[in-house]
Amino acid sequence: MRKPVVLITGANGEIGHALIANLARQRNLPVVALDVNALDPKAASLVQREVTGSILDNSLLERLLAEFEVDLIFHLAALLSSRAEFTPMAAHHVNVEGTLNLLEFAAHQAESHGRRVVFIYPSSIAAYGLPDLDTRRKAGQVKEADWNTPITMYGCNKLYCEHLGRYYAKHYKQLSEAKAPLIDFRCVRFPGLISAVTVPSGGTSDYASEMIHAAARGEPYACFVRPDTRIPFMAMPDAIESLLTLSAAQSDRLTCTAYNVRGFNASADEIRAAALKAFPDATITYRVDAKRQSIVDSWPEDADDAAARRDWGFSPGYDFDRAFHEYLIPTIRQRYGL
Ligand code: SER
């Protein structure tokens, strides 16, 4: 008998950490955690099985197929937007081929146990690409179908994988003999995520988290975007809630492949002010990196999350004030023993 489990790829990343902690706390679901790096000991103690390896290793995926029965996959593994610009080929391998491998894995799982596999995929505001600041200001809250012209490798990878997922869910092998769909692909487009517990690596929205964590640690920080740079963000607990709510949603209610979610939209200077209010001795300056700035400037000022609210009832628990006062600042103080 194979063991029924939930599979999480990229389990050692920022979202993976929070998702594992949440699943262990709230639901009694055995988790198989896959990551290229070993999980940190705390996360490792919360999962049924830790597998260290790559989503590009097909023989590893075959072994997982033989050993486990999977109905739900959170495919989180990816190289983020800044990192991907230095190694676009590696980004394509991990972000696109890795996702294709996981979709094939999910299809084989479904064939083996006869049930549709729910495949949860985090896409990103990087899937959008707005041409200039004026257009961006006028666009305001963008809808899912607007401005799908990303300028980064990561954004292109994410947008293509949304389509791949839609293909596997709705049109897979459409010229072969008709079969029930194998995959139930569901995707959220995340804004910048801010966690009180972990610091992201390789992203371009990282300035928000880096600023707050540096302030708490008493280290000076030079923010790499202009003070007026405004994009949507979300507190990590809301991000996890969105993944779990979407995974449990009734499938006939879902009218979109990819759903925007957002918590609040804030400028770099508003985040700086909130960090300084909490940690008044901090030094936060600006040293704008024009290239990273132009990536952030291609992302929307805000995202329209009406479809997620309508189809699966999602509404974020944390606006800007709650995110800082009830989550980020108290949890970060605790994390650094302040
Ligand atoms: N946070 C991501 C990044 O900065 C965007 O999804 O790459």
Side-chain angles (χ1 to χ4, degrees), residues 9-10 13-19 74-88 90-92 94-96 98-99 120-130 136 142 144 147-162 165 187-213 223-226 229-240 242-243 258-268 271 288-289 291-303 305 308 316 323 328:
T9 73
E14 270 219 297
I15 305 174
H17 266 97
L19 181 61
F74 294 94
H75 173 43
L76 312 179
L79 298 192
L80 294 186
S81 59
S82 285
R83 169 104 187 270
E85 287 311 305
F86 291 103
T87 54
H92 184 90
V94 173
N95 296 350
V96 175
T99 300
I120 302 294
Y121 181 66
S123 183
S124 159
I125 45 162
Y128 296 106
L130 287 91
R136 189 175 186 269
V142 300
E144 285 81 353
W147 303 107
N148 288 171
T149 42
I151 67 160
T152 60
M153 185 60 166
Y154 171 75
C156 294
N157 296 162
K158 286 287 178 189
L159 189 59
Y160 174 59
C161 287
E162 291 180 12
C187 165
V188 285
R189 281 199 192 143
F190 276 138
L193 300 181
I194 312 181
S195 166
V197 186
T198 48
V199 190
S201 68
T204 320
S205 61
D206 295 5
Y207 59 89
S209 303
E210 287 171 355
M211 209 185 289
I212 305 164
H213 281 267
C223 176
F224 58 80
V225 294
R226 287 186 317 269
T229 306
R230 184 178 289 280
I231 59 167
F233 286 99
M234 183 175 242
M236 190 57 85
D238 274 338
I240 301 308
S242 74
L243 294 175
Y259 289 93
N260 283 338
V261 289
R262 44 92 73 198
F264 49 88
N265 87 329
S267 70
I271 295 170
V288 176
D289 175 330
K291 292 179 175 157
R292 292 180 94 185
Q293 177 77 58
S294 68
I295 290 179
V296 183
D297 284 344
S298 77
W299 294 347
E301 222 174 66
D302 206 349
D305 64 355
L328 289 167

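Whatever order the structure lists them in is the order used to number ligands and atoms, beginning at 1.
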Hey, mind stepping through Thr152 and Glu85 against side-chain hydrogen bond (donor to acceptor under 3.5 Å, both in side chains) and telling me if it holds? CA-CA 7 Å; Thr152 60; Glu85 287 311 305; 4.6 Å; no
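- For ligand 1, the protein residues within 4.0 angstrom (heavy atoms only) are Leu80, Ser81, Ser124, Tyr154, Gly203, Thr204, Ser205, Trp299.
- Geometrically, Arg189 engages Tyr128 in a cation-pi contact defined by less than 6.0 Å to the ring centre and at most 45° from the axis.
- We find that Asp302 and Arg230 are not joined by a salt bridge, their nearest charged nitrogen and carboxylate oxygen being 4.0 Å or further apart.
- The shortest heavy-atom contact between Val296 and Val225 is CG2-CG1, 4.0 Å.
- Listed by first and then second residue, the salt bridge (charged side-chain N to carboxylate O under 4.0 Å, His left out) pairs involving residues 191-213 amount to none (not counting sequence neighbours).
- Using the six-membered ring where Trp is involved, His75 and Tyr121 have ring planes that are parallel, under 30° apart on the 30 and 60° scheme.
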